[in-house]
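Below: the structure, in structure tokens.
Worth knowing before you read on, the calculation uses all heavy atoms, side chains too, and leaves out hydrogens, waters and symmetry mates. Chain identifiers are assigned alphabetically (A, B, ...) following the order of the sequence lines, protein sequences preceding nucleic acid strands; residue numbering begins at 1 within each chain.
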Amino acid sequence: MTNPDIRCRFAPSPTGYLHVGSARTALFNWLFARSVGGTFVLRIEDTDGDRNRPELIDVIFDELRWLGIDWDEGPFFQSDSRDRHRQVVTDLLANGRAYLSERVNEENVVIEGSELVDGLAVRYRVPKDRQVVFTDAVRGDVSFETNDLEDFVIWRSNGTPTFLLANAVDDADMGITHAIRGEDLLSTTPKVQLLMEEIGATPPIYGHLPLLVNEQRKKLSKRRDDVSIADYRTRGYLPEAMVNYLALLGWGPDDDIEIRPIIEIIDKFDLGRVNKAAAFFDLKKLDHFSATYIQNLDADKFVELVLPYLHADERWSAETIDVAVVKEFAGDVQQRVARLSEVPDWYDWLFLDSVEIEEKAMNKGLRKAKQADEVLDGVIEAFADCAWEEDVLNQTVRAVGDTLGVKSAVPVRVAVTGKMGGIPLYGPLVRLGRDKTIDRLRTAREHLRSSS
RNA sequence: GCCCCGUUCGUCUAGCGGCCUAGGACGCCACCCUCUCAAGGUGGUAGCACGGGUUCAAAUCCCGUACGGGGUACCA
């Protein structure tokens with residue numbers, strides 16, 4: 001089903017970062033537009049003059065692009081329609097649908113006058129004894145009594161429109177047919193609808209998305225939670241994983257297939273199937289998605305994505321990184337990480353001059369390992385003149401262990417890498433070289449001697 | 001307080017009156033594989049908030065209750 005007449009929009013305010021909840025809203029709008037062949041519009045709700053600095057806005061564009069969410073029209077800025085907004089307010093004032101208002105000692109006082117006055121706010125006069133009903137694309141019929149609504153400000157005393165006014169006017173002017181947004185905006189809907197009625201416009205179909213919540217089941221907040229998309233990007237989540245995961249918060253395909261290309265998600269997406277209950281943003285599951293996407297990367301792409309992280313690592317200089325080595329063991333590293341930022345720790349021992357043995361590994365892998373000293377002695381001796389090939393190295397370590405009747409791989413691994421776990425050892429050892437390897441084995445042997 | 005919205009395994013979800021002794025995924029547990037850690041494979045764990053209706057039949061429809069959330073700004 002395609003309908004080119006459908007127009008939806010994402011309308012963030014310029015906060016200086018893209019919130020994951022906003023990203024999810026943007027994504028659902030985008031998925032909806034793409035799935036029906038409609039138009040996706042980007043509009044910046046910068047009615048509050050203090051906040052429309054370019055640097056606060058560009059990051060939002062950046063993050064949207066990173067996620068692969070592209071827009072067909074815009075970005076438009078609400079502040080560019082100031083004259084139009086002022087005109088609407090002026091009209092409402094002139095025909096008595098709104099009035100001048102001032103806040104005096106916690107009280108709103110009505111000021112006489114039917115024209116805009118500098119320094120005074122304008123309030124919309126909410127009609128009495130009426131019901132505002134609408135059919136939400138996600139929630140079904142919703143209704144409000146206007147008697148429960150207070151007169152609200154549509155024009156600030158500083159000469160700017162409020163979100164309520166600008167939102168109504170702009171959606172009308174831009175021909176928005178569907179407004180998909182967070183549930184936190186549900187109770188503003190009757191106010192906006194009333195304003196649209198005043199200007200003779202047909203309101204869009206609203207679809208209020210369930211909120212994203214934290215473990216306390218509270219709306220994700222900037223203070224307590226990791227909400228910035230940019231931070232997830234820095235930590236090395238793949239955008240494809242992020243988008244795939246976000247799409248599944250509040251919605252699910254009917255065929256139980258969760259990890260799938262965006263093109264299929266678009267195809268499966270159905271606004272009417274969006275859930276109503278709040279969804280917990282589960283990092284563990286995001287990690288799983290990200291790990292899967294990283295695992296499926298081809299080696300070249302993986303290297304390309306990971307090089308910046310390796311180069312930025314302060315433990316070595318960028319020139320130290322051997323791209324060929326990174327690529328050779330890419331597959332082994334890929335199946336061990338959920339985020340790109342974790343990657344350097346799997347390669348580090350290959351690029352470091354010497355390794356520091358982690359305390360835990362020292363204890364468990366060397367001190368407490370049976371006859372670790374003899375294993376090291378044996379391997380040091382055997383490594384001195386054996387062929388420096390993967391299979392030979394493997395066999396050699398094994399043989400030393402067999403002779404002693406103990407497991408020999410772990411002590412060697414700990415001595416060379418400094419850690420208990422890691423990628424398969426012997427291939428990388430070939431690249432590390434005989435000298436460095438034996439050197440590390442000797443160093444570990446010394447440690448053992450001095451600490452026992 | 002008032003208004004609005006919501007409630008299926010711990011979590012994300014499938015389910016839109018019979019196919020449900022409720023399916024999948026993450027997590028967790030066990031086993032297999034294995035030079036380690038993983039990955040992978042196999043199996044397991046766990047849920048329709050509660051109470052009334054309606055119906056031959058309800059997780060699915062209606063009404064209450066409880067609990068949770070959102071809003072109630074010259075923020076959006």
is_close_aromatic([X], [Y]), centroid dist under 6.0 Å:
X	Y	result
F28(A)	F269(A)	yes
F61(A)	W71(A)	yes
F10(A)	W30(A)	no
F289(A)	Y232(A)	no

(message) Return whichever of D148(A) or K191(A) has its heavy-atom-nearest nucleotide of RNA chain B closer to the 5' end.
(response)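 Mapping each residue to its closest nucleotide by heavy atoms, the 5'-most match is D148(A).
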(request) Using heavy atoms to find the nearest nucleotide of RNA chain B for W251(A) and Q78(A) separately, return the residue whose nucleotide is more 5′. (result)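 Final value for this comparison: W251(A).
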(message) The side chain of L186(A) is closest to which nucleotide in this list: rC5(B), rU13(B), rG23(B)?
(response)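 The answer is rC5(B).
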(request) Choose from rU7(B), rG71(B), rC4(B) the nucleotide whose nearest atom is closest to any side-chain atom of A277(A). (result)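 Out of rU7(B), rG71(B), rC4(B), the nucleotide with an atom closest to A277(A)'s side chain is rU7(B).
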[M] and [N], which share atom name [atom1], separated by this distance in whole Å:
N	M	atom1	result
rG23(B)	rG53(B)	P	29 Å
rC29(B)	rA73(B)	P	48 Å
rC4(B)	rU8(B)	P	22 Å
rG51(B)	rU7(B)	C1'	15 Å
rG69(B)	rU60(B)	C1'	23 Å

Kindly indicate whether the side chain of [X], heavy atoms from C-beta on, has any atom under 4.5 Å from the side chain of [Y].
X	Y	result
N296(A)	E240(A)	no
V379(A)	T396(A)	no
L195(A)	V88(A)	no

(message) At less than 4.0 Å, is any side-chain N or O atom of N275(A) found next to OP1 or OP2 of rA14(B)? Yes or no.
(response)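 True: N275(A) side-chain N/O within range (under 4.0 Å) of rA14(B) OP1/OP2.
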Distance alone, cut at 3.5 Å: any donor-acceptor contact between the side chains of [X] and [Y]?
X	Y	value
T189(A)	H208(A)	yes
D91(A)	Q87(A)	yes
N29(A)	H178(A)	no
Y124(A)	E198(A)	yes

Pull out every residue in [range] that has a heavy atom closer than 4.0 Å to any atom of RNA chain B, ordered by number, or say none.
range	answer
residues 116-126 of chain A	A121(A), R123(A)
residues 203-225 of chain A	L211(A), R217(A), K218(A), K219(A)
residues 279-295 of chain A	A279(A), F280(A), D282(A), K284(A), K285(A), H288(A), Q295(A)

Pick base, sugar-phosphate or nothing for [X], based on heavy-atom distances below 4.0 Å to the nucleic acid.
X	value
T417(A)	nothing
G250(A)	sugar-phosphate
L185(A)	base

(request) Identify whether the distance between the nearest side-chain nitrogen and carboxylate oxygen of D267(A) and R260(A) falls below 4.0 Å. (result)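 No, D267(A) and R260(A) are not salt-bridged.
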(request) Identify whether the distance between the nearest side-chain nitrogen and carboxylate oxygen of D225(A) and K218(A) falls below 4.0 Å. (result)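 So D225(A) does not pair with K218(A) through a salt bridge.
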For nucleotides 34-38 of chain B, which of its nitrogen or oxygen atoms have a protein nitrogen or oxygen under 3.5 Å away, and what is each distance?
from	atom 1	to	atom 2	distance (Å)
rC35(B)	OP1	R398(A)	NH2	3.0
rC35(B)	O2	R413(A)	NH2	3.3
rC35(B)	N3	L425(A)	N	3.3
rU36(B)	O2'	M420(A)	O	2.7
rU36(B)	O2	R413(A)	NE	3.3
rU36(B)	O2	G422(A)	N	2.6
rU36(B)	O2	G422(A)	O	3.2
rU36(B)	N3	R413(A)	NH2	3.0
rU36(B)	N3	G422(A)	O	2.6
rU36(B)	O4	P424(A)	N	3.3
rC37(B)	O2	R336(A)	NH1	2.6
rC37(B)	O2	G422(A)	O	3.3
rC37(B)	N3	R336(A)	NH1	2.2
rA38(B)	O2'	Q335(A)	O	2.9
rA38(B)	N1	Q335(A)	OE1	3.2
rA38(B)	N3	Q335(A)	OE1	3.2

Any donor-acceptor pair under 3.5 Å between the side chain of [X] and the base of [N]?
X	N	answer
D256(A)	rG23(B)	yes
E258(A)	rG24(B)	yes
S187(A)	rC3(B)	no

(request) Grab the CD-P distance between E145(A) and rC2(B) for me, whole Å please. (result)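 It works out to 15 Å between those atoms.
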(message) Nearest whole Å is fine: how far is rA25(B) P from R260(A) CZ?
(response)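 That distance rounds to 14 Å.
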Please name the nucleotide paired to [N] by Watson-Crick or G-U wobble geometry with both distances under 3.5 Å, or report none.
N	answer
rU65(B)	rA49(B)
rU54(B)	none
rU34(B)	none
rU72(B)	rG1(B)
rC20(B)	none

(request) Only pairs at least two apart or in different chains count here, so list each side chain to side chain donor-acceptor pair (under 3.5 Å) that has a residue in residues 411-429 of chain A. (result)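 Found D348(A)-K419(A).
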(request) Of all the heavy-atom pairs spanning D282(A) and Y245(A), show the shortest one and how long it is. (result)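 Here D282(A) and Y245(A) meet closest at N-OH, 2.7 Å.
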Donor-acceptor pairs under 3.5 angstrom involving side-chain atoms of residues 365-372 of chain A: please list them, not counting sequence neighbours.
from	atom 1	to	atom 2	distance (Å)
R367(A)	NE	S451(A)	OG	3.4
R367(A)	NH1	E359(A)	OE2	3.3

